[in-house]
Amino acid sequence: MAIKITFPDGSVKEYPRGVTAAKVAEDISSRLAKNAVAARVSGVLQDLEDEIQEDSSLEIITVDQPEGLEILRHSAAHIMAEAVKRLYPQAKLAIGPAIENGFYYDFDVPEAFSPEDLGRIEAEMHKIVQENQEFTHWEVDRETAIKEFAAMGEDYKVELLQEMEDDQVSIYKQGELVDLCRGPHLPSTGKLKAFKLLNVAGAYWRGDSNRPMLQRIYGTAFAKQKDLDEHLRRLEEAARRDHRRLGRELDLFSIQEEGPGFPFLHPNGMVIWRSLEDFWRKEHRRRGYQEVKTPIILSESLWQRSGHWDHYRENMYFTEIDERPYAIKPMNCPGSILLYKRRLQSYRDLPLRYCELGLVHRHELSGTLHGLMRVRCFHQDDAHIFMLPSQIQEEITGVIDFIDYVYRDVFGLNYRVELSTKPEDAMGPDEIWETATEALRKAVEAKDIPYEVNEGDGAFYGPKLDFHLEDCLGRTWQCGTIQLDFLMPERFDLTYIGEDGKEHRPVMIHRVIFGALERFIGILIEEFAGAFPVWLAPVQARVIPVGERYLDYADQVRRQLMEDDLRVEIDARDEKVGYKIRSAQLEKIPYMLIVGEKEAEAGTVSVRHRQAGDLGSMPVEEFRKLLRQEAASMALQPLDISSVVD
RNA sequence: GCCGGCGUAGCUCAAUCGGCAGAGCGGCGCAUUCGUAAUGCGUAGGUUAGCGGUUCAAGUCCGCUCGCCGGCUCCA
């Protein structure tokens with residue numbers, strides 16, 4: 001009895017019924033068989049050793065494919081679990097998935113793993129690989145599975161099984177390890193060549209801080225040792241662009257023991273800050289925003305009215321003035337709302353766009369603080385748009401375009417969008433949430449921007465579109481957000497006078513572009529690895545006189561450049577040129593201007609760029625134009641001299 | 001907040017079994033006046049995160065507190 005197997009290229013071949021994908025792969029080429037990790041049979045991923053009983057399409061999945069690598073990593077997690085069970089028989093298994101760049105497995109063990117334990121576990125894994133144990137699997141009905149896992153003391157697996165809806169579940173076994181798993185897996189443990197355990201961390205069972213804390217071991221695995229080495233090298237490189245390290249090395253900011261989560265901006269960091277702020281102001285002005293400033297401390301009663309008291313109190317700081325209770329603002333919206341309410345508003349004046357670089361304070365859990373990325377006080381580039389219901393779409397779209405312009409066009413950053421929906425602890429009725437959520441959804445979809453839905457992650461007053469940026473290790477941070485709010489206007493009884501002379505209820509958008517200046521600067525530091533484009537660079541050019549005799553000329557050059565507000569300084573230290581260049585390079589200063597006898601006589605500077613190297617000499621005036629233009633255009637790459645226009 | 005790890009000079013790191021706290025870089029001083037990634041010599045710099053304990057003796061061992069790092073939870 002033969003069955004027909006259709007391959008991805010459309011070709012069809014006959015094989016005996018019950019043939020395995022492994023045999024088919026072997027039939028095609030021994031090389032394919034060697035790299036194969038699983039098969040996709042009629043669209044479903046399965047093991048290579050599973051028998052194929054009917055006419056099917058077949059794709060052999062190899063380790064070179066993303067799915068193949070994922071299977072490899074998932075199998076690595078199982079091998080790690082087996083190693084852990086051998087060394088710590090009392091360990092209970094929780095879950096162990098493949099993740100981006102690796103895998104993890106959560107264990108419940110009486111004592112936490114130490115970093116040294118990882119070495120032992122890794123060594124045991126190597127043994128298991130050596131033993132080349134086969135991965136086998138079978139189906140069993142759920143009730144039986146529950147009994148069996150209960151007998152093994154695998155309480156977490158039992159809990160998972162109890163919540164599953166399928167009648168039949170799939171069980172995998174390799175060596176001594178029996179695990180509840182959908183698969184597929186490698187044919188055998190010997191296929192795992194390149195892996196490494198990276199670190200161990202606590203993780204709550206099911207991500208719930210009320211449940212037990214388990215021990216999570218993270219590891220990574222690749223098809224080849226070369227790929228693993230490359231990945232480890234990238235991790236090291238990423239550590240070098242960590243904004244906390246660069247922040248110290250480039251003297252941009254610091255966080256002192258006296259104020260955990262409260263960053264200090266140094267003179268160099270402040271230059272970046274001011275450049276961003278100038279850019280921010282200019283861009284808002286031309287989009288019809290009006291800048292405001294609202295107080296940092298406001299009466300507690302305001303926060304009760306806004307709902308923060310009920311929904312956000314845990315994150316707030318409080319104080320008392322003249323025996324009356326006040327709160328330090330965690331958000332800027334109530335302040336903007338008070339400004340809106342200060343007078344009667346006409347429909348003619350809407351949309352009213354108030355923007356504010358507002359300093360907010362939030363009590364974040366100590367364990368979550370992270371350099372500039374998560375702090376306890378930060379400046380939001382906030383704005384509140386008060387508008388007619390008919391203006392919702394256009395305003396949302398305007399903000400989406402604004403964010404896209406800033407992220408992509410200006411900074412060259414890639415971002416990911418999430419639509420965050422109603423949280424559990426939310427104000428207002430479901431219908432309003434639905435209306436608001438749909439309005440946001442409609443706006444992103446109209447822009448054809450891909451997005452994921454982040455269920456239950458909205459603000460307590462409204463759903464939001466969140467814009468995430470990546471740091472050097474690929475961790476994502478929420479930066480921009482657009483929140484649509486029907487509820488605050490209600491609570492504060494906001495109104496505008498409509499065409500009909502009657503009072504109507506406006507709708508609000510709360511939005512940020514950078515998110516927080518602090519976080520955005522953190523992202524930029526890592527994105528540029530500290531080598532900021534000229535418009536942001538704390539020092540744009542450093543004049544390096546080759547000897548003391550040329551200090552006067554160096555100063556003349558500096559003055560000339562400073563006339564255009566360029567940030568230039570002189571390295572007047574009594575050191576050799578090579579030394580001064582090295583220091584400027586390490587400080588990642590975009591341009592170095594070497595001046596000596598020749599330059600002083602000709603009125604030129606010898607230009608060196610931090611990446612391009614020696615660019616030869618040019619008249620000071622020409623360099624001035626180049627630098628001015630590079631700064632003004634917010635160029636991400638150095639300009640070519642020939643492109644500079646007068 | 002929770003789990004684990006870590007904390008020595010401004011920075012990077014040494015200090016054997018519990019036995020005199022050190023080096024390089026950076027800083028400062030002197031010499032040198034130099035042409036595209038490190039000139040030489042000298043010198044200052046420490047409550048070994050803090051508090052308590054064990055010991056003849058603690059950077060080292062124990063306890064507590066603080067901070068940092070990696071995760072989890074949470075969020076701009």
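Every chain is numbered from 1 and lettered A, B, ... according to where its sequence line falls, protein lines coming before strand lines.
Pairing for B/rC30 is with B/rG40, a Watson-Crick or G-U wobble pair whose two hydrogen-bonding atom distances lie under 3.5 Å. Searching all strands for a Watson-Crick or G-U wobble partner of B/rG52 with both distances below 3.5 Å returns B/rC62. Pairing of B/rA15, defined by two Watson-Crick or G-U wobble distances under 3.5 Å, is not identified with any nucleotide. Both distances falling under 3.5 Å, in either a Watson-Crick or a G-U wobble arrangement, place B/rG70 opposite B/rC3. In this structure B/rG10 sits in a base pair with B/rC25, meeting the Watson-Crick or G-U test at under 3.5 Å.
Base engagement by A/Q585 is indicated by at least one non-hydrogen atom pair under 4.0 Å involving a base atom. When heavy atoms are screened at a 4.0 angstrom cut-off, A/R608 is found touching base atoms of the nucleic acid. In this structure, A/V546 reaches the bases: a heavy-atom distance under 4.0 Å links it to at least one base atom across the strands shown. When heavy atoms are screened at a 4.0 angstrom cut-off, A/K598 is found touching base atoms of the nucleic acid. At the heavy-atom level, A/G547 lies under 4.0 Å from base atoms of the strands shown. Counting any heavy atom pair closer than 4.0 Å across all strands shown, A/R511 reaches no nucleic acid atom. Counting any heavy atom pair closer than 4.0 Å across all strands shown, A/N199 reaches sugar-phosphate atoms only and no base atom. At a threshold of 4.0 angstrom between heavy atoms, the contacts of A/F514 with the nucleic acid are absent. If you check every strand for non-hydrogen atoms under 4.0 Å, A/R362 touches a base. Within 4.0 Å of A/Q478, counting heavy atoms only, lie sugar-phosphate atoms of the nucleic acid but no base atom. Contact annotation for A/G578: backbone-only contact, meaning every heavy-atom pair under 4.0 Å involves sugar-phosphate atoms and none involves a base. Residue-level contact check: A/V360 touches neither bases nor backbone, having no heavy atom under 4.0 Å from any strand. Among the atoms of the strands shown, only primed sugar atoms or phosphate atoms (P, OP1, OP2) are found under 4.0 Å from some heavy atom of A/R573. Residue contacts shown for A/Y579 are limited to sugar-phosphate atoms, with no base heavy atom under 4.0 Å away.
For A/D614, whose side chain is taken as the heavy atoms from C-beta onward, the closest listed nucleotide among B/rU73, B/rC75, B/rU36 is B/rU36. Among B/rG70, B/rG71, B/rA38, the nucleotide with an atom closest to any side-chain atom of A/H370 is B/rG70. Distances were taken from every side-chain heavy atom of A/M213 (C-beta onward) to each of B/rC75, B/rC3, B/rC72; the shortest belongs to B/rC3. With distances taken from any side-chain atom of A/K576 to the nucleotides B/rU39, B/rG35, B/rC75, the minimum falls on B/rU39. The side chain of A/R582 has B/rA38 as its nearest neighbour among B/rG35, B/rA38, B/rC75. Here the nucleotide nearest the side chain of A/E575, chosen from B/rC72, B/rG35, B/rU39, is B/rU39. The nucleotide whose nearest atom lies closest to any side-chain atom of A/L365 is, among B/rU73, B/rC75, B/rG67, B/rU73.
In this structure, the CD1 atom of A/I544 is 13 Å from the C1' atom of B/rC34, given to the nearest Å. For the pair A/L214 CG and B/rU73 P, the computed distance is 12 Å after rounding to whole Å. The CD1-C1' distance, from A/I594 to B/rC34, rounds to 13 Å in whole Å. Going from atom CG of A/D382 over to atom P of B/rA76 covers 11 Å, rounded to whole Å. Remark: C1' of B/rG26 and CG of A/D251 are 13 Å apart, rounded to the nearest angstrom. Residue A/D571 contributes atom CG, which lies 16 Å from atom P of B/rU36 at whole-angstrom precision. Between A/E116 atom CD and B/rG5 atom P there is a gap of 9 Å when expressed in whole angstrom units. Counting to the nearest Å, the C1' atom of B/rG5 and the CG atom of A/D117 are 12 Å from each other.
In this structure, A/F460 and A/Y312 have tilted ring planes: the angle between them lies in the 30° to 60° band. Using bins of under 30°, 30° to 60° and over 60° for the plane-to-plane angle, the ring pair A/H231/A/F222 lands in the tilted bin.
Between B/rC74 and B/rG27, the distance separating the two P atoms is 47 Å to the nearest Å. Nucleotides B/rC68 and B/rC11 have their C1' atoms positioned 16 Å apart, rounded to a whole Å. One P atom belongs to B/rG19, the other to B/rA38, and the distance between them is 41 Å to the nearest Å. Only the C1' atoms considered, B/rA15 is 10 Å distant from B/rU60, to the nearest whole Å. The gap from the P atom of B/rA9 to that of B/rG45 amounts to 15 Å, rounded to the nearest Å. Rounded to the nearest Å, the gap between the P atom of B/rC6 and that of B/rA76 is 34 Å.
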Apply ring-ring contact (aromatic ring centres under 6.0 Å, His included) to A/F195 and A/F103, showing your working. CA-CA 10 Å; A/F195 65 93; A/F103 61 89; 7.8 Å; no
Working note: A/Y156 + A/W205, criterion ring-ring contact (aromatic ring centres under 6.0 Å, His included); need CA distance, chi angles, decisive distance, verdict. CA-CA 9 Å; A/Y156 299 95; A/W205 168 235; 4.8 Å; yes
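Both stacking criteria are satisfied for A/F378 over the base of B/rA76: a centre-to-centre distance under 5.5 angstrom and an angle between ring planes under 30 degrees.
Contact check, A/R245 against B/rU12: no side-chain N or O comes under 4.0 Å of OP1 or OP2. Residue A/R475 has a polar side-chain atom (N or O) positioned under 4.0 Å from OP1 or OP2 of B/rG71. Distances shorter than 4.0 Å separate some side-chain N or O of A/R248 from OP1 or OP2 on B/rU12. Phosphate proximity of B/rC74 to A/Y312: absent, as no side-chain N or O sits under 4.0 Å from OP1 or OP2. A close approach under 4.0 Å does occur between a side-chain nitrogen or oxygen of A/R244 and OP1 or OP2 of B/rG70.
Between A/F318 and A/W309, the gap from one ring centroid to the other is short of 6.0 Å.
Crowding of A/R475 atom CZ: a count of heavy atoms from other residues, nucleotides or ligands under 6.0 Å exceeding 12. The environment of A/E314 atom CD is sparse: at most 12 non-hydrogen atoms of other residues, nucleotides or ligands sit within 6.0 angstrom. More than 12 heavy atoms of other residues, nucleotides or ligands sit less than 6.0 Å from atom CZ of A/R573.
In this structure, a donor-acceptor pair under 3.5 Å is absent between the side chains of A/N210 and A/Y204.
For A/E111 and B/rG4, a side-chain-to-base donor-acceptor distance below 3.5 Å is absent, hydrogens and geometry of angles not being considered. Donor-acceptor pairing under 3.5 Å, judged by distance alone, is present between the side chain of A/Y204 and the base of B/rG1.
Closest approach of A/G261 and A/V375 over heavy atoms only: O-CB, 3.2 Å.
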